[in-house]
Structures are given as structure tokens and as C-alpha cells.
Amino acid sequence: MTTQDSGSAPKPPAKDPWDLPDVSALSVGVLGGTGPQGRGLAYRLARAGQRVNLGSRDAGRAAEAAAELGHGVEGTDNAECARRSDIVIVAVPWDGHAKTLESLREELAGKLVIDCVNPLGFDKKGAYALKPEEGSAAEQAAALLPDSRVTAAFHHLSAVLLQDESIEEIDTDVLVLGEARADTDIVQALAGRIPGMRGIFAGRLRNAHQVESLVANLISVNRRYKAHAGLRTTDV
């Protein structure tokens with residue numbers, strides 16, 4: 001008896017990996033948005049037409065930074081930023097990562113959280129990767145935010161390029177990690193809103209450590225070649 005004769009339904013075609021959702025109507029919050037990386041991401045997303053909330057421990061400082069960025073960016077304290085946003089990017093310094101997320105557990109419940117923090121140390125030899133007890137910054141975020149949907153992305157972007165108003169496109173790929181395809185698809189689509197960028201799925205959160213760690217290598221590349229290097233994934 002053939003499969004068709006048995007009455008079983010045919011297997012549906014595989015989902016096109018580039019069939020990504022429309023995220024243009026979603027609001028994006030950036031925690032630590034007054035730092036170089038957070039500020040740069042806020043600027044690029046707002047410039048692309050995304051509604052952006054800039055968060056900081058100091059609401060006044062956030063409002064001042066938002067006014068400087070323009071493009072409709074609004075600034076407030078981190079808690080209000082989280083409450084107002086559909087998607088929240090965590091761009092705080094590593095040494096304040098756990099404390100910040102612990103304090104915002106309630107505000108981040110039900111939110112899609114994108115962690116872009118790189119745990120790094122520095123000494124006379126340069127930058128080197130740190131390994132958190134949970135395995136990575138993203139896994140620490142997932143442990144601290146059990147009611148949030150945690151992903152990881154935007155680790156390898158140059159803050160200098162992101163903030164340079166004369167640059168129209170950022171020529172790089174964004175490696176996206178997470179547990180649910182629906183969530184990583186949203187993050188990929190968000191990355192693709194910035195001209196020149198692509199979001200590329202790169203595995204589950206257990207693989208986040210090596211992605212975060214690669215920034216130490218990029219820092220070495222940039223210092224040697226006086227560059228602002230990013231990443232491109234070939235044959236994809």
C-alpha cells in the first residue's frame with residue numbers, strides 16, 4: 001500500500017527562511033540607549049522608520065539623547081521604556097547586565113527581548129571573552145527573565161558606524177539566536193529594516209557564548225587594521 005493509498009496527508013513544503021514578518025508597526029525599546037551601541041542602534045532603527053524608545057537609568061539623560069537623535073525617538077527611564085515597547089534591546093554594560101534585568105523582570109514579562117551584550121575583559125594584551133556562569137549573557141538574561149522571550153543579536157556592530165550620519169548603509173550580517181522560530185524571524189526582520197543589514201539565524205541560545213566572544217576577535221581586527229569590521233555569512 002502506498003503512502004497516498006493510506007490516506008496520510010502529504011508533507012507540507014519547508015518554510016522559506018527568507019519569508020519574514022512585517023515588523024514596521026512594532027515599537028522598539030533600547031535599554032542602555034545612551035551608551036554608544038544602544039544609541040547607534042536606536043538611531044539606525046528610527047532612521048529606518050521604526051518607532052523607538054530610548055531607555056536609561058536617568059530619564060533626563062535619555063530624553064536629552066533622544067532629542068539629539070531625532071527621527072521621533074522618545075527618551076525615558078528603563079522601566080517606562082520597557083513598558084512602552086513591543087521589542088526590547090538590552091544594550092547595557094556587562095557589569096550592570098544582571099542587576100538591570102533583575103530590576104525590570106515585571107516590565108519585561110511577555111516582551112520579546114534581544115540581548116546584544118558582550119561579556120568582555122580587557123588587559124594589556126587587549127580584549128578577551130568572559131564566560132558567565134549561565135554560559136552567556138543571553139542565557140543569563142533567559143534565566144533572569146523567565147516570563148520573557150529572550151533572543152540574542154546585534155553583537156558585532158560598530159558603534160562608530162551606527163552613529164555616523166553620513167553612512168547610508170551598514171554592510172554586515174546580524175547573527176540571531178533564540179529558542180522559537182517565530183521570535184528569531186521577528187529579530188531577523190528587524191535587522192533587515194536597517195539598509196545593508198541581514199539577519200541570519202545562527203542557532204539556539206546555548207550557542208550564544210561563541211557569538212558574544214567573537215567581538216574580542218573583531219576588536220583585535222579593528223585595532224590592527226584601523227577598521228570597523230563586521231561579519232558576512234557566505235553562500236546564504
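What you are looking at is a predicted structure, and each value in this text was computed from that prediction instead of being measured.
A search for salt bridge (charged side-chain N to carboxylate O under 4.0 Å, His left out) contacts involving Arg83 returns Glu80, Glu107, not counting sequence neighbours.
Salt bridge annotation for Asp77-Arg61: absent, with no cationic side-chain nitrogen under 4.0 angstrom from a carboxylate oxygen. Using a 4.0 Å cut-off between charged nitrogen and carboxylate oxygen, Glu134 and Arg206 do not count as a salt-bridge pair.
For Arg105 (side chain) and Leu144 (main-chain N/O), a donor-acceptor pair under 3.5 Å exists by modelled atom type. When atom types are taken as modelled, the side chain of Asp164 and the backbone of Ser166 share a donor-acceptor pair closer than 3.5 angstrom. Proximity of a side-chain donor or acceptor of Arg39 to a complementary backbone N or O of Gly33 within less than 3.5 Å is not detected. Checking side-chain atoms of Ser85 against main-chain N and O of Ala82 turns up no donor-acceptor pair under 3.5 Å. A side-chain donor-acceptor contact under 3.5 Å links Arg44 to the backbone of Leu161. In this structure, the side chain of Glu64 does not engage the main chain of Gly60 through any donor-acceptor pair within 3.5 Å. Of the possible polar contacts, one joining the Arg47 side chain to the Glu165 backbone as a donor-acceptor pair under 3.5 Å is found.
Hydrophobic clustering, with ILVMFWY side chains joined whenever heavy atoms are under 4.5 angstrom apart, keeps Leu145 apart from Ile114. There is a path of hydrophobic side-chain contacts, each under 4.5 Å, that joins Val187 to Ile170. Under the 4.5 Å side-chain heavy-atom criterion for grouping Ile, Leu, Val, Met, Phe, Trp and Tyr, Ile87 is not connected to Leu20 through any hydrophobic cluster. Val236 and Phe201 sit in two unconnected hydrophobic clusters of ILVMFWY residues. Membership requires side-chain heavy atoms under 4.5 Å apart, directly or through other members.
Annotation: Glu133, atom CD; neighbour count of heavy atoms from other residues, nucleotides and ligands within 6.0 Å does not exceed 12. Around the OH atom of Tyr225, the shell of radius 6.0 Å holds no more than 12 heavy atoms that belong to other residues, nucleotides or ligands. More than 12 heavy atoms of other residues, nucleotides or ligands lie within 6.0 Å of CZ in Arg232, so this atom counts as buried by the packing criterion.
Nearest heavy-atom pair across Ala138 and Leu205 is CB-CD2, 4.0 Å. Closest approach of Gln37 and Ser158 over heavy atoms only: OE1-C, 4.5 Å. Taking each heavy atom of Cys81 and Leu54 in turn, the nearest pair found is SG-C, 4.1 Å. Residue Val150 comes nearest to Ala142 through the heavy atom pair CG2-CA, 3.8 Å, listed as atom of the first residue, atom of the second, then distance. For Val221 against Ala229, the heavy-atom pair with the smallest separation is CG1-CB, 4.0 Å. Nearest heavy-atom pair, Val117 versus Val92, reported as atom, atom and distance to 0.1 Å: CG2-O, 3.4 Å.
A distance of 10.5 Å separates CD in Glu68 from OG1 in Thr34, rounded to the nearest 0.5 Å. A distance of 12.0 Å separates CZ in Arg57 from CG in Leu31, rounded to the nearest 0.5 Å. Once rounded to the nearest 0.5 Å, the distance linking CZ of Arg181 with CD1 of Ile186 reads 12.5 Å. If you take CZ on Arg198 and CG on Asp171, they are separated by 10.0 Å, rounding to the nearest 0.5 Å. Between atom CH2 of residue Trp94 and atom CD of residue Glu212 there is a gap of 7.5 Å, rounded to the nearest 0.5 Å. Atom NE2 of His155 sits about 12.0 Å away from atom CG of Leu218, to the nearest 0.5 Å.
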Derivation and outcome, side-chain contact (heavy atoms from CB on, under 4.5 Å), residues Leu112 and Val88: CA-CA 6 Å; Leu112 175 56; Val88 179; over 6 Å; no

From CA spacing to verdict: side-chain contact (heavy atoms from CB on, under 4.5 Å), Arg51, Val28: CA-CA 6 Å; Arg51 186 154 44 98; Val28 179; over 6 Å; no

Verdict with reasoning, Glu139 to Arg204, per salt bridge (charged side-chain N to carboxylate O under 4.0 Å, His left out): CA-CA 10 Å; Glu139 288 170 295; Arg204 295 180 178 270; over 6 Å; no

Test side-chain contact (heavy atoms from CB on, under 4.5 Å) applied to Leu130 and Tyr128, step by step: CA-CA 7 Å; Leu130 303 175; Tyr128 61 94; 3.5 Å; yes

side-chain contact (heavy atoms from CB on, under 4.5 Å) between Lys15 and Asp185, worked out: CA-CA 11 Å; Lys15 186 179 184 297; Asp185 279 358; 3.3 Å; yes

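Counting only heavy atoms from C-beta outward, the side chains of Leu190 and Gln50 approach each other to under 4.5 Å. Contact of the Ile194 side chain with the Leu45 side chain is registered, since non-hydrogen atoms from C-beta on lie closer than 4.5 Å. When side chains are defined from C-beta on, Val73 does not count as touching Tyr43, because their heavy atoms never get closer than 4.5 Å. Proximity of Phe154 to Ile89: side-chain heavy atoms (C-beta onward) are separated by under 4.5 Å at one or more points. The side-chain heavy atoms of Val174 and Leu157, taken from C-beta on, include a pair separated by under 4.5 Å. Looking at heavy atoms from C-beta onward, Gln188 lies out of side-chain contact with Val23 at the 4.5 angstrom threshold. Side-chain contact between Glu74 and Val52 is absent, with no heavy atoms from C-beta onward closer than 4.5 Å. The shortest side-chain heavy-atom distance between Leu231 and Leu214 falls under the 4.5 Å cut-off.
For the residue pair Asp58/Ser56, the side-chain donor-acceptor check at 3.5 Å is not satisfied. In this structure, a donor-acceptor pair under 3.5 Å is present between the side chains of Asp115 and His97. No side-chain donor-acceptor contact under 3.5 Å links Ser213 and Gln210.
Applying the side chain to side chain donor-acceptor pair (under 3.5 Å) test to residues at least two apart or on different chains, the pairs with a partner in residues 141-152 are Arg149-Asp183. Identified under the side chain to side chain donor-acceptor pair (under 3.5 Å) test for residues 18-28, with sequence neighbours left out: Asp22-Ser24, Ser27-Asp86.
Checked against Val215 for a side-chain contact (heavy atoms from CB on, under 4.5 Å), the options Ile219, Val211, Asn217 give a single hit: Ile219.
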